[in-house]
Amino acid sequence: MLKEFNTPKLINIDELKKIQWKRLKSQIKYCYDNSPLYYRKKFDEIGVQPEDVKTWKDFQNLPIMGGKEEERASQEESIDKLGHPYGTYLCAPPEKILWISSTGGTTGTPTFTYLATNNDIKIMEQSMGRIFDWVGLKPGDLVANLFAQSMHAFGFQLNHCLVNAGLCTIPLGAEAGSERMLGM
């Protein structure tokens, strides 16, 4: 078992739902308070405040994210109004962003789909560490990362999480093709 990533105690489903709901309400308020040009604007357009979201159904009815065109528009607006390319939905100060994961730009301009602060990275490392532990990986095991070795979340970022958990990463990537993967 990976010491740093001890699996949390098992809890019943009702307790888990309470924890999830508490964290979700906190996240809704955080997004509203820290993203006036995106989340607050979306809430205000439908006349909802974070404290109005009292049930899962309320949450499901929120107009949270749009498609790629809205993402591109958000990125352009943040360049124009905020002086950064991360999008208006960014909730952390731009100088706190340490990881950027973007689209490949195959349908136009690449957009930054995942942005992470140091705290986000720590949470990701802990979460991934628990997953590695649950599937039986242990320090020193070799892990071939066959996902595209790019800026996507399961490229470079996954390799980082694997190494942080004490696992030896072989970052082969989908670009290598199936023959090379099987040969490795």
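Because the structure is a prediction, the values reported are computed rather than measured.
Val143 is connected to Leu158 through a chain of hydrophobic side-chain contacts under 4.5 Å among Ile, Leu, Val, Met, Phe, Trp and Tyr, so both are in one cluster. Hydrophobic clustering of Ile, Leu, Val, Met, Phe, Trp and Tyr side chains at less than 4.5 Å, counting indirect connections, unites Trp134 with Met124. Leu90 and Ile123 sit in two unconnected hydrophobic clusters of ILVMFWY residues. Membership requires side-chain heavy atoms under 4.5 Å apart, directly or through other members. With hydrophobic clusters built from ILVMFWY side chains whose heavy atoms lie under 4.5 angstrom apart, Leu162 shares a cluster with Ile131.
Rounding to the nearest 0.5 Å gives a distance of 4.5 Å between CG of Asn159 and CG of Asn145. With values rounded to the nearest 0.5 angstrom, Lys25 atom NZ is found 9.0 Å from Ile28 atom CD1. Rounded to the nearest 0.5 angstrom, Thr117 OG1 and Asp120 CG are separated by 3.5 Å. Atom CD of Glu77 and atom CG of Leu82 lie 7.5 Å apart (nearest 0.5 Å). We find the CG-CD distance between Leu62 and Gln60 to be 9.5 Å, quoted to the nearest 0.5 Å. The NZ atom of Lys29 lies 11.5 Å from the SG atom of Cys31; values are rounded to the nearest 0.5 Å.
Scanning both residues, Ala165 and Phe132, for their nearest heavy atoms gives CB-CD1, 3.7 Å. Counting all heavy atoms, side chain and backbone alike, Ser74 lies closest to Tyr38 at OG-CD1, 4.4 Å.
Residues Thr88 and Ser78 have side chains that never bring a donor and an acceptor to within less than 3.5 angstrom of each other.
Residues Thr169 and His160 form no side-chain contact, since every pair of their non-hydrogen atoms from C-beta on lies 4.5 Å or further apart. Inter-residue side-chain proximity for Trp56 and Leu24 is flagged as met; some heavy-atom pair is nearer than 4.5 Å.
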Run Leu37 and Lys81 through side-chain contact (heavy atoms from CB on, under 4.5 Å) and show every step you take.
CA-CA 9 Å; Leu37 295 176; Lys81 293 182 179 175; 4.2 Å; yes
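Evaluated for a side-chain hydrogen bond (donor to acceptor under 3.5 Å, both in side chains) with Arg72, the options Gln75, Glu69, Glu70 yield exactly one hit, Glu69. Screening Val53, Asp52, Val48 for a side-chain contact (heavy atoms from CB on, under 4.5 Å) involving Asp58 leaves a single residue, Val53.
A centroid separation of 6.0 Å or more is found between the aromatic rings of Tyr32 and Tyr39.
A side-chain donor-acceptor contact under 3.5 Å links Arg40 to the backbone of Asp33. In terms of modelled atom types and a separation under 3.5 Å, the side chain of Asn34 and the main chain of Tyr30 share a donor-acceptor contact.
For CD of Glu51, the number of neighbouring non-hydrogen atoms (other residues, nucleotides, ligands) closer than 6.0 Å is greater than 12.
A salt bridge links Asp141 with Lys138: at least one charged nitrogen is closer than 4.0 Å to a carboxylate oxygen.
Looking at residues two or more places apart in sequence or on another chain, you find no salt bridge (Lys or Arg N to Asp or Glu O under 4.0 Å) involving Lys41.
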